[in-house]
Amino acid sequence: ETERRDAAETSPSPKHAWPSSPASASSASASASASSSASDEAIAAGLSSGLKALAASGAAVWAANAYSATFRRALGVSGKTALVVSPFFFVFSLEAEHKLSEIRKSSYQSKKKTS
């Protein structure tokens, strides 16, 4: 095991292809920061909506578990957990994709206006 760890530590890191000209380097940097900003906005929008869905689904599953013997017997812990977290993941994904689409559309329209 230590041999594998030593080999991993001494192996050379892969070489990355960087833009050769300074102009393309600055555009690549700007593109990467814009992409990061868009990702950050999408994650924030997804989390905001997803957490609301998580709260609603958690409250609904808690109420069903507290007040319905049929619900308590019908589902195990994993089923109840799935009912709580599935809406979060769905709403997070949907809202994040919508936000990214909105950002791309506005970016395209602003580029179209300038040209």
Side-chain angles (χ1 to χ4, degrees):
E1 185 176 320
T2 58
E3 291 174 9
R4 275 189 258 146
R5 191 176 338 126
D6 292 340
E9 290 173 359
T10 59
S11 65
S13 62
K15 299 200 183 220
H16 299 286
W18 295 102
S20 58
S21 70
S24 55
S26 65
S27 67
S29 173
S31 173
S33 91
S35 174
S36 175
S37 173
S39 296
D40 292 344
E41 285 183 47
I43 289 170
L47 279 175
S48 174
S49 297
L51 289 174
K52 292 173 189 172
L54 182 68
S57 63
V61 170
W62 175 83
N65 194 55
Y67 299 111
S68 172
T70 305
F71 184 83
R72 277 193 299 274
R73 285 191 305 267
L75 291 174
V77 172
S78 61
K80 293 171 190 172
T81 302
L83 286 174
V84 171
V85 300
S86 294
F88 167 78
F89 289 123
F90 173 74
V91 173
F92 174 86
S93 300
L94 184 67
E95 187 63 30
E97 285 297 323
H98 281 204
K99 188 64 171 178
L100 284 173
S101 178
E102 178 185 312
I103 292 168
R104 286 184 192 125
K105 185 177 178 181
S106 66
S107 174
Y108 173 75
Q109 288 174 346
S110 68
K111 286 180 183 178
K112 191 175 176 183
K113 288 178 183 178
T114 59
S115 52

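Counting begins at 1 with the first residue of the sequence.
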Tell me the closest heavy-atom pair linking [X] and [Y], and the distance in Å.
| X | Y | result |
| --- | --- | --- |
| Phe71 | Val61 | CE2-O, 3.9 Å |
| Arg72 | Ala66 | NH1-O, 3.2 Å |
| Ala82 | Pro87 | O-CD, 4.3 Å |
| Leu83 | Ser57 | O-CB, 3.7 Å |
| Ala45 | Glu95 | O-CG, 3.4 Å |

request  = Sequence neighbours left out, what passes salt bridge (Lys or Arg N to Asp or Glu O under 4.0 Å) with Lys80? Give chain and number order.
outcome  =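 Here no residue qualifies.
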
Give, for atom [atom1] of [X] and atom [atom2] of [Y], the distance between the pair rounded to the nearest 0.5 Å.
| X | Y | atom1 | atom2 | answer |
| --- | --- | --- | --- | --- |
| Leu51 | Phe92 | CG | CZ | 9.5 Å |
| Ser39 | Lys99 | OG | NZ | 12.5 Å |
| Ile43 | Ser48 | CD1 | OG | 13.5 Å |

request  = Go through the steps to decide whether Phe88 and Leu47 satisfy the test side-chain contact (heavy atoms from CB on, under 4.5 Å), and finish with yes or no.
outcome  = CA-CA 9 Å; Phe88 167 78; Leu47 279 175; 4.1 Å; yes

request  = In plain terms, say whether Glu102 and Lys105 are close enough for a salt bridge, that is, a side-chain N and a carboxylate O under 4.0 Å apart.
outcome  =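 Result for this pair is no, no salt bridge flagged.
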
message = Main chain of Gly46, side chain of Ser49: is a donor-acceptor contact present, judged purely on distance under 3.5 Å?
response =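 Between the backbone of Gly46 and the side chain of Ser49 there is no qualifying donor-acceptor contact (under 3.5 Å).
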
inquiry  = Has Ser107 got a side-chain atom pairing as donor or acceptor with Ile103's backbone, closer than 3.5 angstrom?
reply    =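 Not a single qualifying donor-acceptor pair exists.
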
query = Same hydrophobic cluster for Phe89 and Leu54, using side-chain heavy-atom links shorter than 4.5 Å among ILVMFWY?
reply = yes

